[in-house]
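Order of the sequence lines fixes the chain letters, A, B, ..., with proteins taken first and strands second; residue numbering starts at 1 for each chain. In what follows, every heavy atom counts, from backbone to side chain, and hydrogens, waters and symmetry copies are set aside. Here the structure is a predicted model, which is why all the values come from computation and not from measurement.
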Protein chains: 2
Amino acid sequence: MKSQAMLKIGELAALASVSRDTLRFYEKQGLITPGKRNNVGYRLYSETDVNRVSFIISAKEVGFTLNEIHQLLELEVTKDEKSCQDIKQFVDAKISIVNERLEDIKRIKKSLQTLSNACCGGDEPATQCTILEALSEQTN
Amino acid sequence: MKSQAMLKIGELAALASVSRDTLRFYEKQGLITPGKRNNVGYRLYSETDVNRVSFIISAKEVGFTLNEIHQLLELEVTKDEKSCQDIKQFVDAKISIVNERLEDIKRIKKSLQTLSNACCGGDEPATQCTILEALSEQTN
DNA sequence: ATTGACCTTAGACGCCACTCTAGGGTTTAT
DNA sequence: ATAAACCCTAGAGTGGCGTCTAAGGTCAAT
Ligand SMILES: [Zn+2]
Ligand SMILES: [Zn+2]
Ligand SMILES: [Zn+2]
Ligand SMILES: [Zn+2]
């Protein structure tokens, strides 16, 4: 019964598809608690550590920053004292941020498309190009 | 006829709604060519400089990075040798980038909303919270 | 004459999320 | 025995876009 097959950093890195540097970086940032070391100082990761790392990766994939993941992890480790409400609020706050970002990008896309559509795209010299003219216009 | 009312940096900064530091930074980056100075070394900006700055601001507003604005300005100053095609291609390339970014954000928003929707948001302890569970799941 | 608002410079700092380097030690395979 | 692949550290570098600081000089108003 070797339930605790500790992983070395390269093994965990491969498992999680991140670099060794990234794992050491997460540790330095306090996202992973520095765990055991073997006799020559190599990091050894337990099952728990592996879960922690997969939490971080998943959270990153849905757009949380490392800073937010820090806070999420605090909710995670104290989840007995937290309510679903707390967690959901956190996610909803992030949704608001993402929504703003989304609107920004949409606005930018629209502006760019307006620029592009107004330009003839032809072979003639761009002395009168509507794109350059539009960009030179005063905004205020 | 005082068509050349040269502006000091603070005046242009106010006009363009950027900081003096930002203007000096743009100059250091080569976005604005260092222009005239008065007898004590103060920068003086001409009409042309003002247009240049407003070009930069406009381009930033539609999502170009300073690096891209650099290239755009090169198109701008040599526009007699460029075609509308060149300019339009540049903008269309940026639209592609923005589109990718847009898809990323949409995907993230969707994931977050799935997370949020699955959580009851209630007052009970979060020990079984579906959000935390989902985030702890292995992705691979 | 002295404030306060303005101007100058070089260079440090901040955020984000790594990534890389240099200069070591260890383990594994041949 | 040697090379390749792995591990360690501290610290520097990257890119994007400024912001701030320190240590000055200048100008307008009071
Ligand atoms: Zn045209
Ligand atoms: Zn055109
Ligand atoms: Zn619940
Ligand atoms: Zn929940």
Check your understanding: Tell me: CG of A:L44 to P of D:dC7, nearest whole Å?
Key -> 10 Å
Review point. Can you tell which of B:L132, B:I131, B:L135 makes a side chain to side chain contact (heavy atoms under 4.5 Å, CB included) with A:E76?
Key: B:L132
Check your understanding: Should A:T22 be listed as having a side-chain N or O under 4.0 Å from OP1 or OP2 of C:dT19?
Key -> yes
Check your understanding: Base, sugar-phosphate alone, or nothing: which one does B:R20 contact when heavy atoms must sit under 4.0 Å apart?
Key -> sugar-phosphate
Review point. Any side-chain N or O of B:Y26 under 4.0 Å from OP1/OP2 of D:dG18?
Key: yes
Review point. Which of the following nucleotides, C:dC7, D:dG18, D:dG11, is nearest to the side chain of B:L66?
Key: D:dG18
Study note, to complete from the structure: When every non-hydrogen atom of B:E11 is compared with those of B:M6, the smallest separation belongs to OE1-O, 4.3 Å
Point to revise | Spacing of A:Y42 atom OH relative to C:dG24 atom P, expressed in whole Å | key: 16 Å
Point to revise | Electrostatic pair B:K106:A:E103 at N-O distance under 4.0 angstrom | key: no
**Study point:** Spacing of NZ belonging to A:K94 relative to CZ belonging to A:R101, to within rounding of 0.5 Å
**Key:** 10.5 Å
Exercise for review: Mark yes when over 12 heavy atoms from residues, nucleotides or ligands other than A:Q128 sit less than 6.0 Å from its CD; otherwise mark no.
Suggested key: no
Exercise for review: Tell me whether the OP1 or OP2 atom of D:dT19 has a side-chain N or O from B:S19 closer than 4.0 Å.
Suggested key: yes
Review point. Regarding A:N117 and A:T114, is there a side-chain donor-to-acceptor distance under 3.5 Å anywhere?
Key: no
Exercise for review: Round to a whole Å and report the spacing from CZ of B:F64 to P of D:dC17.
Suggested key: 12 Å
Exercise for review: Please determine if a side-chain N or O atom of B:R43 lies less than 4.0 Å away from the OP1 or OP2 oxygen of C:dC6.
Suggested key: no
Practice item. Looking only at non-hydrogen atoms, find the nearest pair between B:L31 and B:L73 and report the distance. Key: O-CD1, 3.6 Å
**Study point:** Nearest-neighbour nucleotide for the A:I9 side chain, D:dC27, D:dC17, D:dC7 considered
**Key:** D:dC7
Check your understanding: Looking at the side chain of A:R37, which of C:dC18, D:dC27, D:dT9 is the nearest nucleotide?
Key -> D:dT9
Could you list the protein-to-nucleotides 13-15 of chain C atom pairs, N/O on both sides, closer than 3.5 Å?
none

Review point. Between D:dG18, C:dT19, D:dT9, which nucleotide gets closest to the side-chain atoms of A:F25?
Key: C:dT19
Review point. Within the structure, does a side-chain N or O atom of B:K60 lie under 4.0 Å from either OP1 or OP2 of D:dG18?
Key: yes
